[in-house]
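Below, chains carry the letters A, B, ... as their sequence lines are ordered, and counting in each starts from 1. Quick caveat: nothing in here was measured; it's all calculated off a predicted structure.
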Amino acid sequence: MRLIFSFLPCILRLNAETHENIMTDTKTLYAAYAGTIENALEALVAEGTLPDGTSFANVTLEPPRDASHGDLATNAAMVLAKPAKTNPRALAEALAAKLEAHDGIASADIAGPGFINLRLDPAAWLGELEAINRLGDEYGRSTMGEGRTVNVEYVSANPTGPMHMGHCRGAVVGDALASLLELAGHTVIREYYINDAGGQVDTLARSAHLRYREALGEDIGEIPEGYYPGDYLIPIGEALAKELGDKHQNEPEEEWLPYFRAEAVEKMMDLIKSDLALLGIHHDVFASEAALHAAGKPDEAEAWLRAHDLVYDGVLEAPKGKAPPEDWEPVELPLFRSTKFGDDQDRPIKKSNGKWTYFGADLAYHIQKAENADELIDIWGADHAGTVKRIKAAVAALSEGKGTPTPFDVKLVQMVQLMRGGEPVKMSKRSGNFITIADMVDEVGKDVVRFTMLTRKPEAQMEFDFAKVVEASKDNPVWYVQYAHARIQSTLRKALEEEGVSPSAANLDQLGAEEITLIQRAAQFPREVEAAAKAREPHRIAFYLYDLATDLNAFYSLGNTAVEKRFIVKQDKGLSGARLFLADSIGQVLRNGLRVLGVEAVDRM
RNA sequence: GCGCCAGUAGCUCAGCUGGAUAGAGUACCUGACUACGAAUCAGGCGGCCGGAGGUUCGAAUCCUUCCUGGCGCGCCA
């Protein structure tokens with residue numbers, strides 16, 4: 001069987017006879033009805049209404065745009081009319097007739113160009129409410145990923161200083177994406193690539209040595225040009241002085257450089273890890289570029305590429321457009337044929353001094369990652385957009401050459417403009433004077449930083465205004481979602497303490513249309529998880545949670561003018577128990593969503 | 001000159017990978033608290049989805065081409 005519904009590739013094995021088990025099953029409601037539709041379509045195939053082998057890949061099951069249209073809508077008739085050589089409405093009638101015969105389906109109406117709108121028996125939605133309660137933290141988990149291992153590489157900041165604002169968005173997006181893919185049934189490796197082999201780490205080592213001499217009492221004066229000036233190196237120098245005494249103070253550079261480099265990188269990584277921990281981020285693997293070189297991986301890759309005529313020795317043309325640099329000289333270098341894959345220029349994998357370029361090492365690194373993963377995802381800053389084509393080309397060529405090609409996706413995150421009350425915050429990395437992640441978390445808190453970074457799609461630029469993100473209002477999504485959760489918890493506490501009532505599924509049949517509207521939103525969570533995971537867009541979960549919070553608050557407010565619509569109805573413990581069961585379940589979904597984002601669901605605020 | 005990303009309500013942004021009458025927040029106007037948390041809720045106003053062609057039952061979404069803004073364009077990382 002090929003598939004099927006694009007958002008639920010692997011849960012659709014139900015057959016019609018098991019329908020009555022749907023509500024007691026672990027399958028969530030959308031998955032169950034997607035299965036029902038698929039069965040109906042297969043029946044049409046068996047009857048000859050649809051040709052054998054018809055693909056259902058474009059068939060969707062969604063909530064209708066307008067609630068008055070019903071509970072669920074499918075486009076099946078429109079998508080399949082062409083292969084069936086009929087018109088959408090005729091096919092819709094055949095399909096609707098089959099669907100209407102099912103127990104849980106109250107009606108199947110044809111609308112517009114051929115949509116089929118389904119209305120479900122209320123019991124179906126109440127069953128979903130019980131599913132949320134029963135599955136708890138697991139509600140929303142999907143088997144979509146089929147256990148495939150995905151390596152998500154994110155942050156990978158150079159180990160030359162603390163994490164600053166520029167790293168923040170990629171860090172949060174990468175981490176949330178990793179969690180999202182886990183929830184969607186993948187095995188995820190969170191990986192960080194340490195660029196500990198280039199010229200920058202030599203600069204770091206020299207800067208650390210300078211601070212070391214300073215710690216030994218030397219007057220180093222102003223930090224000279226070409227050194228990292230930041231204060232964060234002072235404690236590193238002090239630690240090295242304490243550890244080593246003065247034995248490296250007056251040695252020539254080649255004596256101390258390798259050791260200082262290794263020490264400084266290690267200490268910088270400790271710093272970076274503690275910064276990441278402030279954001280709740282922990283990687284599984286820290287891969288060293290130096291170790292990659294030591295293992296000869298780039299040489300292996302080069303040999304393979306040369307053998308397949310994908311690397312040759314050639315001369316690059318001077319850059320076009322802007323005036324070429326004055327010191328431009330044509331030099332013969334080993335070049336990767338990235339033009340064969342749509343790049344505008346072939347790219348050198350080695351420098352004229354014989355060392356590997358970043359790209360030369362990076363392609364070998366990706367092959368290393370592919371050894372332990374079925375799919376690769378990189379999260380990069382948009383300033384590296386120009387290098388996407390070459391690395392994708394190289395990975396495609398190399399991974400295909402070594403067997404099956406490894407799917408590889410590069411997600412670019414755009415810059416964040418820091419603001420304070422509408423004014424841009426100036427920062428200059430050169431002066432060593434920049435806003436660090438530690439500063440940000442200290443000022444507004446981890447949850448605010450994380451959630452805010454996820455309230456725009458990553459490939460669009462965004463502003464982060466220190467004043468706005470801590471506002472306590474509906475305009476601030478972090479606050480609003482947490483408020484909804486706190487409100488639920490407060491209600492549950494109050495019900496128990498003052499009325500002695502707890503959530504109970506005993507009287508769910510007392511819940512009406514307004515409650516079911518809320519359940520319908522909650523029931524979309526598993527679907528949102530799969531759609532977001534498929535698109536690799538964790539921000540969708542943030543927007544979904546905001547919508548769910550809106551619905552919760554709307555329902556809650558009904559009780560302001562109508563006491564009988566409150567969660568706690570004083571004279572009616574049965575109804576109260578059912579409503580609290582609903583409240584508890586909405587809280588559960590909010591928690592599950594927030595967990596993907598790495599944001600805490602607070603009980604009070 | 002080339003590449004990538006963006007352009008949707010006055011402003012900040014969604015839009016479920018091609019579906020029904022394009023949605024939220026904000027701002028502005030109107031209404032709702034002897035509170036299960038009003039830091040909230042309900043309603044109103046507001047659109048040539050940057051422009052122009054095309055693809056098809058159907059386009060904000062896909063293709064072509066312009067316009068505007070951001071990022072990038074030796075062997076840096």
Undergrad: Please say which of Asp202(A), Thr203(A), Asp196(A) ends up in a side chain to side chain donor-acceptor pair (under 3.5 Å) with Arg261(A).
TA: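 Filter result, single survivor: Asp202(A).
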
Undergrad: Is there a side-chain contact between Lys534(A) and Glu530(A) in this structure, where contact means two heavy atoms from C-beta onward sitting under 4.5 Å apart?
TA: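 In short, these two side chains do not touch, never coming nearer than 4.5 Å.
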
Undergrad: Send over the distance from Lys411(A) NZ to rA6(B) P, rounded to a whole Å.
TA: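 After rounding, the reported distance stands at 10 Å.
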
Undergrad: Hey, does Asp584(A) have a side-chain heavy atom less than 4.5 Å from the side chain of Ile488(A)?
TA: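 No; the side chains remain at least 4.5 Å from each other.
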
Undergrad: Under 4.0 angstrom, heavy atoms only, what part of the nucleic acid is Phe567(A) near: base, sugar-phosphate, or nothing?
TA: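 The residue Phe567(A) makes base contact.
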
Undergrad: Heavy atoms only, 4.0 Å cut-off, all strands: where does Ala495(A) land among base, sugar-phosphate and nothing?
TA: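 Touches nothing.
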
Undergrad: Looking for any heavy atom pair under 4.0 Å, which part of the strands does Met605(A) touch: base, sugar-phosphate only, or nothing?
TA: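 If one applies the 4.0 Å heavy-atom cut-off, Met605(A) turns out to touch a base.
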
Undergrad: Step by step, would you call Asp378(A) with Tyr193(A) a side-chain hydrogen bond (donor to acceptor under 3.5 Å, both in side chains)?
TA: CA-CA 10 Å; Asp378(A) 287 3; Tyr193(A) 183 42; over 6 Å; no

Undergrad: Backbone N or O of Val469(A) within a donor-acceptor pair of the Asn476(A) side chain at under 3.5 Å?
TA: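 Confirmed, Asn476(A) side chain pairs with Val469(A) backbone.
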
Undergrad: I'd like a list of close polar pairs between nucleotides 75-77 of chain B and the protein, N/O only, cut-off under 3.5 Å.
TA:
unit_1, atom_1, unit_2, atom_2, d
rC75(B), O2, Ser352(A), N, 2.6
rC75(B), O2, Ser352(A), OG, 3.1
rC75(B), N3, Ser352(A), OG, 2.9
rA77(B), OP1, Gly199(A), N, 3.3
rA77(B), O4', Gln200(A), NE2, 3.1
rA77(B), O3', Asn158(A), OD1, 3.4
rA77(B), O2', Asn158(A), OD1, 2.9
rA77(B), O2', Asn158(A), ND2, 2.6
rA77(B), N3, His384(A), NE2, 3.1

Undergrad: Of the nucleotides rG70(B), rG25(B), rC36(B), which has the atom closest to the Gln414(A) side chain?
TA: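 Looking only at heavy atoms from C-beta outward on Gln414(A), the closest nucleotide is rG70(B).
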
Undergrad: Tabulate protein N/O versus nucleotide N/O from nucleotides 41-45 of chain B, keeping only pairs under 3.5 Å, one per line.
TA:
unit_1, atom_1, unit_2, atom_2, d
rC41(B), OP1, Lys474(A), NZ, 3.2
rC41(B), OP1, Tyr480(A), OH, 2.2
rC41(B), O4', Ser557(A), OG, 2.9

Undergrad: For rU17(B), decide between syn and anti, treating a glycosidic angle within 90° of 0 as syn.
TA: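 Syn.
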
Undergrad: Thinking salt bridges, do Lys369(A) and Glu153(A) make one under a 4.0 Å N-O criterion?
TA: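 A salt bridge links Lys369(A) with Glu153(A).
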
Undergrad: When all nucleic acid strands are considered with a 4.0 Å heavy-atom cut-off, which category describes Tyr546(A): base, sugar-phosphate, or nothing?
TA: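 The residue Tyr546(A) makes sugar-phosphate contact but no base contact.
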
Undergrad: rC16(B), OP1 or OP2 - any side-chain N/O from His539(A) closer than 4.0 Å?
TA: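 Checking rC16(B) against His539(A), no side-chain N or O comes under 4.0 Å of OP1 or OP2.
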
Undergrad: Between C1' on rA14(B) and CZ on Arg521(A), what's the gap in Å once rounded to a whole number?
TA: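 The distance from CZ of Arg521(A) to C1' of rA14(B) comes to 12 Å, rounded to the nearest Å.
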
Undergrad: Which nucleotide wins on minimum distance to the side chain of Lys457(A), given the candidates rU17(B), rA20(B), rG7(B)?
TA: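 So the side chain of Lys457(A) is nearest to rG7(B).
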
Undergrad: It should be established whether Arg456(A) places a side-chain nitrogen or oxygen under 4.0 Å from OP1 or OP2 of nucleotide rC13(B).
TA: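 Yes, because at least one side-chain N or O of Arg456(A) sits under 4.0 Å from OP1 or OP2 of rC13(B).
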
Undergrad: Does Arg206(A) count as lying over the ring of Tyr227(A), i.e. NZ or CZ under 6.0 Å from the six-ring centre, within 45 degrees of the axis?
TA: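 Here Arg206(A) fails the 6.0 Å and 45° test against Tyr227(A).
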
Undergrad: I'd like the P distance from rC5(B) over to rG47(B), given in whole Å.
TA: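 The same atom, P, in both gives a distance of 31 Å.
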
Undergrad: Can you measure Met462(A) atom CE to rC13(B) atom P for me and round it to whole angstrom units?
TA: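 It is 8 Å, rounded to the nearest whole Å.
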
Undergrad: Using a cut-off of 4.0 Å between protein heavy atoms and nucleotide atoms, how would you tag nucleotides 56-69 of chain B 5' to 3' with B, S and -?
TA: -S-----------B

Undergrad: Hey, are Asp475(A) and Ser473(A) close enough side-chain-wise for a donor-acceptor pair under 3.5 Å?
TA: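 No - no donor-acceptor pair under 3.5 Å links their side chains.
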
Undergrad: Nearest whole angstrom, please: distance from the C1' of rU26(B) to the CD of Glu463(A).
TA: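 Glu463(A) atom CD is separated from rU26(B) atom C1' by 14 Å.
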
Undergrad: Only counting residues at least two apart or in another chain, list the ones meeting side-chain contact (heavy atoms from CB on, under 4.5 Å) with Asp465(A).
TA: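 Counting only residues at least two positions away or on another chain, Asp465(A) forms a side-chain contact (heavy atoms from CB on, under 4.5 Å) with Met419(A), Ala467(A), Lys468(A).
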
Undergrad: I'd like the C1' distance from rU8(B) over to rG50(B), given in whole Å.
TA: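 My reading of the C1' atoms in rG50(B) and rU8(B) gives 10 Å.
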
Undergrad: Is any NZ, NE, NH1 or NH2 atom of the basic residue among Glu499(A) and Lys570(A) found under 4.0 Å from an Asp or Glu carboxylate oxygen of the other?
TA: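 Lys570(A) and Glu499(A): salt-bridged.
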
Undergrad: Quick one: which of rG37(B), rC4(B), rC2(B) gets closest to the side chain of Lys494(A)?
TA: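 Comparing rG37(B), rC4(B), rC2(B) against the side chain of Lys494(A), the answer is rG37(B).
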
Undergrad: Validate the cation-pi geometry between Arg347(A) and Phe359(A): distance from NZ or CZ to the six-membered ring centre under 6.0 Å, angle to the ring axis within 45°.
TA: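 Checked: cation-pi criterion not met.
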
Undergrad: Who passes ring pair (Phe, Tyr, Trp, His ring centres under 6.0 Å) against Tyr483(A), sequence neighbours left out?
TA: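 Scan of Tyr483(A) (ring pair (Phe, Tyr, Trp, His ring centres under 6.0 Å), adjacent residues dropped) gives Trp479(A).
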
Undergrad: Please state how far atom CD in Gln482(A) lies from atom C1' in rG37(B), giving the value in whole angstrom units.
TA: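 For the pair Gln482(A) CD and rG37(B) C1', the rounded distance is 15 Å.
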
Undergrad: As a test of the definition: with a 90° window around 0 for syn, would you call rG25(B) syn or anti?
TA: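 Base orientation: anti.
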
Undergrad: Which value, rounded to the nearest 0.5 Å, describes the distance between Phe341(A) atom CZ and Ile391(A) atom CD1?
TA: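 Going from CZ on Phe341(A) over to CD1 on Ile391(A), the span is 12.0 Å.
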
Undergrad: Sticking with atom P, work out how far rC16(B) lies from rC11(B), rounded to a whole angstrom.
TA: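 It works out to 23 Å between them.
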
Undergrad: Name the nucleic acid region contacted by Ala382(A), choosing base, sugar-phosphate or nothing; use a 4.0 angstrom heavy-atom cut-off, strictly under.
TA: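 Contact class for Ala382(A): sugar-phosphate only.
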
Undergrad: Out of the candidates Arg579(A), Gln510(A), Gln520(A), only one should pair with Glu515(A) under the side chain to side chain donor-acceptor pair (under 3.5 Å) rule; please name it.
TA: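 Only one of Arg579(A), Gln510(A), Gln520(A) forms a side chain to side chain donor-acceptor pair (under 3.5 Å) with Glu515(A), namely Arg579(A).
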
Undergrad: Contact class for Ala73(A) (heavy atom, under 4.0 Å): base, sugar-phosphate, or nothing?
TA: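 Base, at least one base atom sits under 4.0 Å.
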
Undergrad: Enter the distance from Ile37(A):CD1 to Leu41(A):CG here, rounded to the nearest 0.5 Å.
TA: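 Interatomic distance, Ile37(A) CD1 to Leu41(A) CG, rounded to 0.5 Å: 7.5 Å.
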
Undergrad: How would you label the contact of Lys389(A) with the nucleic acid (heavy atoms, under 4.0 Å): base, sugar-phosphate, or nothing?
TA: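 Since only primed, P, OP1 and OP2 atoms lie under 4.0 Å of Lys389(A), the category is sugar-phosphate.
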
Undergrad: With a 4.0 Å cut-off on heavy atoms, is Arg89(A) in touch with a base, just the backbone sugar-phosphate, or nothing at all?
TA: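 The residue Arg89(A) makes no contact with any strand.
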
Undergrad: Would you call Arg306(A)-Asp313(A) a salt bridge at under 4.0 Å N-O?
TA: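 Looking at Asp313(A) together with Arg306(A), the answer is yes, because their closest N to O distance falls below 4.0 Å.
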
Undergrad: Looking only at atom C1', what distance separates rU17(B) and rC62(B), rounded to whole Å?
TA: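 My reading of the C1' atoms in rU17(B) and rC62(B) gives 10 Å.
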
Undergrad: Heavy atoms only, 4.0 Å cut-off, all strands: where does Asp551(A) land among base, sugar-phosphate and nothing?
TA: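 Result for Asp551(A) = nothing.
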
Undergrad: What about Phe464(A) and Phe466(A), are their ring centers closer than 6.0 Å?
TA: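 When the ring centroids of Phe464(A) and Phe466(A) are compared, they turn out to be within the sub-6.0 Å range.
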
Undergrad: Between Gln417(A) (CD) and rU12(B) (P), how many Å, whole number?
TA: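 From Gln417(A) CD to rU12(B) P: 13 Å.
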
Undergrad: Taking a pair as Watson-Crick (N1 to N3 plus N6-O4 or O6-N4) or G-U wobble (N1-O2 and O6-N3), both under 3.5 Å, which stems of 3 or more consecutive pairs involve RNA chain B?
TA: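 Stem list for RNA chain B: B:1-7 with B:67-73, B:10-13 with B:23-26, B:28-32 with B:40-44, B:50-54 with B:62-66.
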
Undergrad: Check every strand shown and say whether Lys468(A) touches a base, only sugar-phosphate, or nothing at a heavy-atom separation below 4.0 Å.
TA: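 No contact.
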
Undergrad: Arg540(A) CZ to rC13(B) P: how many Å, rounded?
TA: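 Atom CZ in Arg540(A) sits about 19 Å away from atom P in rC13(B).
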
Undergrad: NA contact type, Thr491(A), heavy-atom cut-off 4.0 Å: base, sugar-phosphate, or nothing?
TA: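 Contact class for Thr491(A): base.
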
Undergrad: Specify the separation, in whole Å, of atom CE of Met415(A) and atom C1' of rC4(B).
TA: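 Rounded to whole Å, this separation is 12 Å.
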
Undergrad: Given the C1' atoms of rA77(B) and rA14(B), what is the spacing between them in whole Å?
TA: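 Rounded to whole Å, the distance is 35 Å.
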
